[in-house]
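First up is the structure itself, then whatever we jot down about it.
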Amino acid sequence: MKIKLAIAILAIGVVTGCGDSGRKKPRSLNFAKISFIQMPPEGIKIPAPRSLTINRKGDLMVLDDVGRVLTFSPNGVLKQRWWMPDHAIGRPEGIVELQDGRIAVSDTHYYRVVIFKPDGKVDKIFGKRGTADGEFGNPVAIAQDSDGLLYVGEYGDNDRVQVFTPEGKFVRSIGKPGTAPGELQRPSAVLPLGDNLFVADAVNNRIQVFSKKGPFIRSISTEPPMYLPYDIKLGPDGFIYAIEYGNNRLDKISSKGKLVGIFKLKDDSFRTPWGLAVDSSGRVFVADTGNRRIVVLTPK
């Protein structure tokens with residue numbers, strides 16, 4: 001089935017954050033156009049996208065809330081789809097293409113990581129429910145660093161980030177449950193960047209920075225404040241992009257932690273956006289979960 005990128009293009013009108021702390025407000029982000037990728041139906045249902053990633057070909061890979069893994073071309077044509085091996089009791093929330101071309105998914109409600117071959121066949125599964133090293137509560141985030149290590153964020157029984165080899169061997173644990181600096185509540189996204197690991201600490205409404213070796217470095221809080229930041233991705237411009245499930249807002253943040261820009265759809269607003277991806281041209285893809293679509297923001 002070919003699902004074409006919607007041709008509707010909207011004039012950009014951006015709403016800045018509300019509230020006044022006496023600080024200079026971040027500027028409004030401007031995009032050349034806004035367009036949409038419609039989710040392919042499953043029976044009579046239109047599933048909602050949750051997690052997004054860009055693969056090495058520049059295609060957009062999507063996890064949805066019925067348990068499908070979808071691949072769209074850069075212009076929004078559906079190229080490939082497959083199902084998670086199990087999806088009756090819950091859907092996965094994190095996806096990344098590995099350096100060797102395999103696809104890793106944090107299979108949230110089955111307490112494990114599933115690694116697929118590029119054709120969608122299962123290659124490896126590791127993890128089980130528990131709080132010990134190598135076990136999971138609800139894994140929701142996954143990323144790989146330049147050394148090949150996997151970082152998996154989990155919540156529920158033991159909020160933390162675990163580090164593994166590409167074959168699933170436990171290396172170390174980062175963070176622990178709580179609200180203090182260096183503690184986590186629903187680490188919904190992980191972003192290895194240089195020697196550091198940026199973590200979207202969703203329920204604590206902040207981004208936290210750790211050394212990839214484990215020690216806590218600093219917290220990033222913004223003004224206007226973040227509310228449930230669910231995903232963070234690095235753009236080709238060197239800035240971190242964050243999507244807020246609670247504020248229905250896209251943020252642009254420097255690696256030093258400064259909020260430099262924000263974006264909200266003016267009229268047809270985001271509804272509980274869950275994930276995002278940024279491609280090599282700077283296009284931002286937002287999993288607009290509540291509206292059951294993917295929003296494509298093309299830079300000027």
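All values below come from the heavy atoms of this structure, side chains included, with hydrogens, waters and symmetry mates left out. Please read these numbers as outputs of a predicted model, since none were measured by experiment.
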Fill in the blank from the handout: Nearest heavy-atom contact between Pro166 and Gly148 is CG-O, 3.1 Å
Handout entry: Proximity of Phe136 and Tyr111 rings by center, below 6.0 Å
Key = no
Handout entry: Close side-chain approach of Ile240 and Phe198, heavy atoms under 4.5 Å
Key = yes
Handout entry: Ion pair Asp59/Lys79, N-O distance below 4.0 Å
Key = yes
Problem - Residue pair Ser173 / Gln162, side-chain donor-acceptor N/O under 3.5 Å - result: no
Exercise for the section: Give me the ring orientation class for Phe126 and Phe164: parallel if the planes are under 30° apart, tilted from 30 to 60°, perpendicular past 60°. Expected result: tilted
Problem - Spacing of CH2 belonging to Trp82 relative to OG1 belonging to Thr71, to within rounding of 0.5 Å - result: 5.0 Å
Problem - Basic-acidic side-chain contact under 4.0 Å: Asp157, Arg129 - result: yes
Practice task
Please identify each residue that fulfils ring-ring contact (aromatic ring centres under 6.0 Å, His included) with Tyr151, with sequence neighbours left out.
Solution key: none
Practice task
Please round to the nearest 0.5 Å and tell me the distance separating atom CD1 of Ile37 and atom CE of Met39.
Solution key: 9.5 Å
Handout entry: Check: Pro49 and Leu63 side chains under 4.5 Å, non-hydrogen atoms
Key = no
Could you give the side-chain donor-acceptor pairs of residues 115-122 under 3.5 Å, partners two or more places apart or in another chain?
from   : atom 1 : to     : atom 2 : distance (Å)
Asp119 : OD1    : Lys121 : N      : 3.0

Practice task
State, with a plain yes or no, whether a side-chain heavy atom of Pro236 is found less than 4.5 Å away from one of Val278.
Solution key: yes
Practice task
Please check if the side chain of Arg186 supplies one atom and the backbone of Gly156 the other of a donor-acceptor pair under 3.5 Å.
Solution key: no
Practice task
Ignoring hydrogens and angles, tell me if any N or O in the side chain of Thr289 forms a donor-acceptor pair with the backbone of Ala48 under 3.5 Å.
Solution key: no
Completion exercise
Here the gap from Asn55 atom CG to Lys57 atom NZ, rounded to the nearest 0.5 Å, amounts to 7.0 Å
Exercise for the section: Keeping the roles fixed (side chain from Asn204, backbone from Gly178), state whether a donor-acceptor pair exists under 3.5 Å. Expected result: yes
Problem - Lys45 NZ: over 12 foreign heavy atoms closer than 6.0 Å - result: yes
Exercise for the section: Could you tell me the separation between the NE2 atom of His87 and the OH atom of Tyr110, rounded to the nearest 0.5 Å? Expected result: 7.5 Å
Practice task
Indicate yes or no: does Arg50 engage Asp65 in a salt bridge with an N to O separation below 4.0 Å.
Solution key: no
Practice task
Could you tell me whether Asp201 and Arg206 have a side-chain N and a carboxylate O separated by less than 4.0 Å?
Solution key: yes
Handout entry: Short side-chain to backbone donor-acceptor contact, Arg160 and Lys176, under 3.5 Å
Key = no
Handout entry: Carboxylate-amine/guanidinium proximity below 4.0 Å for Glu42 and Arg68
Key = yes
Practice task
Indicate yes or no for a side-chain donor-acceptor contact from Ser188 to the backbone of Asp231 under 3.5 Å, with no hydrogens or angles considered.
Solution key: no
Problem - Donor-acceptor under 3.5 Å (Asp279 side chain, Ser281 main chain) - result: yes
Practice task
Salt-bridge test for Arg102 and Asp123: reply yes if a basic N is under 4.0 Å from a carboxylate O, no otherwise.
Solution key: yes
Practice task
Establish, from distance only, whether the side-chain atoms of Asn138 and Glu154 form a donor-acceptor pair under 3.5 Å.
Solution key: no
Practice task
Could you check if a side-chain atom of Pro40 sits within less than 4.5 angstrom of a side-chain atom of Leu78, using non-hydrogen atoms only?
Solution key: yes
Practice task
Could you tell me whether Arg91 and Asp64 have a side-chain N and a carboxylate O separated by less than 4.0 Å?
Solution key: no
Practice task
Could you tell me the separation between the CG atom of Leu191 and the NZ atom of Lys233, rounded to the nearest 0.5 Å?
Solution key: 9.0 Å
Handout entry: Test item: Asp288 side-chain N/O and Ile294 main-chain N/O as donor-acceptor pair under 3.5 Å
Key = no
Problem - Among Pro224, Pro225, Ser254, the one residue meeting side-chain contact (heavy atoms from CB on, under 4.5 Å) with Leu259 - result: Pro224
Practice task
To the nearest 0.5 angstrom, please state how far the CG atom of Leu250 sits from the CG atom of Leu29.
Solution key: 6.0 Å
Practice task
Carefully, step by step, assess Asp195 and Lys212 under the rule salt bridge (charged side-chain N to carboxylate O under 4.0 Å, His left out).
Solution key: CA-CA 6 Å; Asp195 294 329; Lys212 290 198 299 187; 5.5 Å; no
